[in-house]
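Below, all heavy atoms of this structure are taken into account, side chains as well, without hydrogens, waters or symmetry copies. These figures come from a predicted structure and were not determined experimentally.
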Amino acid sequence: MSSSQDRVGRVIHHKDYYLRGGDMTVLIGNHLYRIHSYFFYRESLVWRQKLDAPTDGGDHGTTDAPSPFTLDDVKSEDFERFLWVIYNPHYSIYDAPLETWLSILNLAHRWNFCNIKDLAIRELEKLDIEPIEKIVAYHEYKINKTLLLPAYIAMCKREKPLSLTEGMSLGMETVLRLADARERARQQAAESGIRSPTFDDFEDVQMEGMIREVFGIPPRPMSPGRHSRNSSGVFNGFGGTTMPNGFGFPPQTFNGETTSGLNGADSASHKPFDSLHVSTGATEPSTNGSTTKADGKKPQAPPKDGKPLSPEPNGAASQQTASGAADNKGGAGGTKANGGAKK
C-alpha cells in the first residue's frame, strides 16, 4: 500500500468540525474538516483566490471538487482554534488564554482575515502580557505600535538590563531603539540637576514622548488644556471622528473666532478667552464702540465742557452726578429767593 493510501486510510473526521451541510473539506495531518466555504470566501482574499482557482484535478476541497485542501504548514490544533471563532456557540463570548489568541492571530494574519485579526487584538489587549512577549508578537503581526506604548515604557524604566535571550527575541532594531530612549531619559535627568537618577523619577508621560520620537509613533491629538495619557489618537471613544480640537465635536464660532467647542480655548493658540468682566453698574464698552449700561438704561450725555467723567467704582460717578444736580437745584432756588428779597 502506498504512503498516500496509507495516509487516507488513517484519516478521521474531526470530532467538532466535520459539519453537516459543509461544502469545503480541509485535511490537516490525519484530521479531515468539513466546513462552510462562505465564511472563508467572504473574509479572506487568500482563500477567495484558492476557491476561485480552476479545478485541474489538484486539491480543491469543495463539493464540486471533493479533493480536500491539504494544509501541511498548519497545525490541527491551531486550525481548530481558528474555527472556534467562526463557529463559536456562545455568541460574543470569547474567553480564551493567551496561547489560543496568538494561534488565532497567526492564521488571521497569514490568510488576511482582517475582522478576525481585529477581534484577536481586542482580546489580547484585555490580557496581562509580559512586555517582551507582547512586543515580539505585535511586531511579527504588524500591529499598530501605539498599542505597544505601555510595553515600551515598561522596558525603558526597567532597572534590569536585557539578557542575551531577550535581545535575540526583540531583534537588533528594537534593542537599539530602547537603548536610545533610555539614554535620552538619563540625559534629560542629568540636565534637570538629578545627580543619581533612576527611571522611577520619570513620569510615564515624559517617557511616552521620548518613545514616540524614537520609534516614529505619531503624537496623539491633544485637546487644549488636557494631557491625559488615555486620550486616543484615532478614536474619541464614542465612535466619532476626532476633530482637530481633540474631541468628537466640531469647533464652535464665538465673536468671529473659532474655538475648540468645549473649554473655550482657541484651537490655534490654545489660549483661553479673557475672563468675564462682571458689571458693577458703571458704563461698559460694547463690541461696536458705543457705551451701554448694565441695568439697561441709556447712558448720560457728557458735560458741556467736553471733559469725560472720571470713573469711580461702585456707581460713585452716578452718585456724584445726582448730588451735583441737587446742588444746582438748590443754588437756583437760593438765587431766586435772594432776588425776591431784593425786589
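- Among all heavy-atom pairs drawn from P219 and R212, the shortest one is CA-NH1, 3.7 Å.
- The main-chain N or O of I93 is found under 3.5 Å from a side-chain atom of N88 such that the two form a donor-acceptor pair.
- Hydrophobic clustering of Ile, Leu, Val, Met, Phe, Trp and Tyr side chains at less than 4.5 Å, counting indirect connections, keeps Y152 apart from L176.
- Atoms CG and OG, from N115 and S44 in turn, are 11.0 Å apart once rounded to the nearest 0.5 Å.
- Side-chain atoms of E166 come within 3.5 Å of backbone atoms of S163 as a donor-acceptor pair (strictly under, hydrogens ignored).
- Ring pair H109/Y141 is perpendicular by interplanar angle, where above 60° counts as perpendicular and below 30° as parallel.
- Y41 and D52 share a donor-acceptor pair across their side chains, judged by distance under 3.5 Å alone.
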Test side chain to side chain contact (heavy atoms under 4.5 Å, CB included) applied to I121 and L119, step by step: CA-CA 5 Å; I121 295 171; L119 171 64; over 6 Å; no
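- The two residues V175 and L170 make their nearest non-hydrogen contact at CG2-CB, 4.0 Å.
- Not one N or O on the side chain of H36 forms a donor-acceptor pair closer than 3.5 Å with the backbone of Y38.
- L45 is not connected to F113 by any chain of hydrophobic side-chain contacts under 4.5 Å among Ile, Leu, Val, Met, Phe, Trp and Tyr, and they are in different clusters.
- Screening V26, I86, D23, T25 for a side chain to side chain contact (heavy atoms under 4.5 Å, CB included) with I35, the sole residue that qualifies is V26.
- L124 and L98 get closest at one heavy-atom pair: CD2-CD1, 3.5 Å.
- Under 4.0 Å is where a charged nitrogen must lie from a carboxylate oxygen, and between E125 and K134 at least one such pair does.
- Other residues, nucleotides and ligands place more than 12 heavy atoms under 6.0 Å from the CG atom of D73.
- When ring centroids are compared, Y33 and F79 come within the 6.0 Å threshold.
- Between K126 atom NZ and D95 atom CG the span is 8.0 Å, to the nearest 0.5 Å.
- The main-chain N or O of L51 is never found under 3.5 Å from a side-chain atom of R48 such that the two would form a donor-acceptor pair.
- A chain of hydrophobic side-chain contacts below 4.5 Å, direct or via other Ile, Leu, Val, Met, Phe, Trp or Tyr residues, connects I211 to L147.
- Within 6.0 Å of OH in Y87 there are more than 12 heavy atoms belonging to other residues, nucleotides or ligands.
- Between I217 atom CD1 and N144 atom CG the span is 8.0 Å, to the nearest 0.5 Å.
- In this structure, F82 has its ring center closer than 6.0 angstrom to the ring center of W111.
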Stepwise side chain to side chain contact (heavy atoms under 4.5 Å, CB included) test for E43 and N112: CA-CA 8 Å; E43 298 289 337; N112 199 22; over 6 Å; no
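- Between the CD1 atom in I153 and the CG atom in L178 there is a gap of 11.5 Å [rounded to 0.5 Å].
- Under the 4.5 Å side-chain heavy-atom criterion for grouping Ile, Leu, Val, Met, Phe, Trp and Tyr, M155 is not connected to M168 through any hydrophobic cluster.
- Listed here is the closest heavy atom pair of R182 and C156: NH1-O, 2.9 Å.
- Side chains of L32 and H14 form no contact here, defined as non-hydrogen atoms less than 4.5 Å apart.
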Verdict with reasoning, K50 to F69, per side chain to side chain contact (heavy atoms under 4.5 Å, CB included): CA-CA 9 Å; K50 289 178 177 290; F69 288 105; 4.1 Å; yes
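- R81 pairs by the side chain to side chain contact (heavy atoms under 4.5 Å, CB included) definition with E77, D78, E99, T100, S103, I104, not counting sequence neighbours.
- Heavy-atom minimum distance, S76 versus I28: N-CG2, 3.5 Å.
- Residues I135 and A151 come closest through the heavy atom pair CG1-CB, 3.8 Å.
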Side chain to side chain contact (heavy atoms under 4.5 Å, CB included) between H31 and H13, worked out: CA-CA 6 Å; H31 288 102; H13 295 171; over 6 Å; no
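- H139 is listed as a side-chain neighbour of L148, based on a closest heavy-atom distance under 4.5 Å.
- Contact check on E213 versus R184 returns a salt bridge, with a Lys/Arg side-chain nitrogen under 4.0 Å from an Asp/Glu carboxylate oxygen.
- Within the 4.5 Å cutoff, side-chain heavy atoms of E80 are placed close to those of Y17.
- L27 contributes atom CG, which lies 14.5 Å from atom CZ of R34 (distance to the nearest 0.5 angstrom).
- Atoms CD and CE, from E208 and M210 in turn, are 11.0 Å apart once rounded to the nearest 0.5 Å.
- Aromatic pair W47/F39: ring centres not closer than 6.0 Å.
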